[in-house]
Amino acid sequence: MSNADNRESYTEHDYKPEASNNPIQSARFCISSCERELTKQSNDKLQMDAGAASGGASDDFSSNSPAAAVSRWSYAVTRRYQHLLDKSTPFVLRRWIAFAAIAIIYVIRVYFVQGFYIVSYALGIYVLNLLIGFLSPQVDPEVHGFSDGPTLPTRGSDEFRPFVRRLPEFKFWYSITKAFCIAFVMTFFIVFDVPVFWPILLFYWVVLFTLTMKRQILHMIKYRYLPFSSGKLRYGGQRASSTESTGLLPRD
């Protein structure tokens, strides 16, 4: 018998100890065989999963697939839309004129349709919520326990601190404009035209607006702040007084 045959014979038979002669070695051999088989199966499964994942990813993100084209188009539209919003930020008056035009169009639409009063009521509640955020300070003294005194300057000698709103002006304008646009689109769907007696909704909204604004005004009076910049000290107005104060300094 050749050496190759001897090695083959040795590989197939000599590594299989008989259980009757050496049970411990036989048990170790069985355990190692099972571990090798399990490792091989797990590696094969991982390779199959990796191949399937790479194939699916290449199909989804390939340049010729419709999903990738739609994703690129939506990303470009989103960037362009955000760019236009960023450019419109300094034009405060023009933005509010555009909002007024949209609001007038919505009112005319509801007037001629004679319906969708529940949509208008929900829109009014949302606008009232935005208005409260616009008139409220970012740090509410009542919530944070600032009850010992005013948190904003009340005298001319105090340091000027600009009023920081909880809802900034641009976000307020953007939210209210988007709300009117959504409400205008909803008026073209008859499912939102819920029959309701609109004077009751109007009366309830007026009462809610009155109570909410009364509470907000009392909050302003209690903590002595105004949600607007008119009448407050500015740096330009202090230029003359600062010049006079520097003239009183001793000179060499």
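In what follows, every heavy atom counts, from backbone to side chain, and hydrogens, waters and symmetry copies are set aside. Quick note: residue numbers are just sequence positions, from 1.
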Under 3.5 Å donor-acceptor pairs involving side-chain atoms of residues 211-220, not counting sequence neighbours:
| unit_1 | atom_1 | unit_2 | atom_2 | d |
| --- | --- | --- | --- | --- |
| Thr212 | OG1 | Leu208 | O | 2.7 |
| Gln216 | NE2 | Leu135 | O | 3.4 |
| Gln216 | NE2 | Ser136 | OG | 3.4 |
| Gln216 | NE2 | Tyr225 | OH | 3.3 |
| His219 | ND1 | Tyr225 | OH | 2.7 |
| His219 | NE2 | Asp140 | OD1 | 2.9 |

Applying side chain to side chain contact (heavy atoms under 4.5 Å, CB included), can you list everything that pairs with Leu130, at least two apart in sequence or on another chain? Tyr126, Leu167, Phe172, Ser175, Ile176

Start with the C-alpha gap between Ile125 and Asn129, add the side-chain angles, then the distance that decides, and say whether side chain to side chain contact (heavy atoms under 4.5 Å, CB included) holds. CA-CA 6 Å; Ile125 296 296; Asn129 186 25; 5.8 Å; no

Sequence neighbours left out, what passes side chain to side chain contact (heavy atoms under 4.5 Å, CB included) with Phe189? Give chain and number order. Val185, Val191, Phe192

Check which hydrophobic residues are tied to Tyr75 through side-chain heavy-atom contacts below 4.5 Å, counting indirect links as well, and list them. none

Chi angles and distances behind the side chain to side chain contact (heavy atoms under 4.5 Å, CB included) call for Phe180, Ile105: CA-CA 9 Å; Phe180 269 88; Ile105 292 174; over 6 Å; no

Kindly work out whether a path of hydrophobic side-chain contacts (I/L/V/M/F/W/Y, heavy atoms less than 4.5 Å apart) joins Val107 to Leu202. no

Minimum heavy-atom distance between Pro90 and Asp86, given as atom pair plus value: CD-O, 4.1 Å

Results of side-chain hydrogen bond (donor to acceptor under 3.5 Å, both in side chains) for Tyr121 - residues two or more places apart only: none

With rounding to the nearest 0.5 Å, note down the distance linking CG in Leu93 to CD1 in Ile97. 4.0 Å

Filter on side-chain hydrogen bond (donor to acceptor under 3.5 Å, both in side chains), then keep only pairs touching residues 201-211, sequence neighbours left out; what's left? none

Heavy atoms, side chains only, cut-off 4.5 Å: are Gln82 and Leu85 in contact? yes

Measuring from atom CG of Leu123 to atom CE of Met186, what distance do you get when rounded to the nearest 0.5 angstrom? 9.5 Å

So which residues get pulled into Ile190's cluster when ILVMFWY side chains under 4.5 Å apart are joined, directly or through others? none

In Å and rounded to the nearest 0.5 Å, what is the CD1 to CZ distance from Ile102 to Phe184? 10.0 Å

So side-chain hydrogen bond (donor to acceptor under 3.5 Å, both in side chains) across residues 88-109, not counting sequence neighbours, yields Arg95-Glu169, Trp96-Glu169, Tyr106-Ser120, Arg109-Thr187

Throw together a table of side-chain donor-acceptor distances under 3.5 angstrom for residues 111-119, partners on residues two or more places apart or in other chains.
| unit_1 | atom_1 | unit_2 | atom_2 | d |
| --- | --- | --- | --- | --- |
| Gln114 | OE1 | Tyr117 | OH | 3.3 |
| Gln114 | NE2 | Tyr111 | O | 2.5 |

Going by the rule ring-ring contact (aromatic ring centres under 6.0 Å, His included), which residues pair with Phe197 if we only count those two or more places apart in sequence or in a different chain? none

Can you list everything that forms a side-chain hydrogen bond (donor to acceptor under 3.5 Å, both in side chains) with Tyr81? Sequence neighbours excluded, please. Tyr174

Looking only at atom types and distance, does a side-chain atom of Arg165 sit under 3.5 Å from a main-chain N or O of Phe134, one as donor and one as acceptor? yes

Pairs where residues 189-201 contributes a residue and the test side-chain hydrogen bond (donor to acceptor under 3.5 Å, both in side chains) is met, not counting sequence neighbours: none

CZ-CH2 distance between Phe99 and Trp173, expressed to the nearest 0.5 angstrom: 10.5 Å

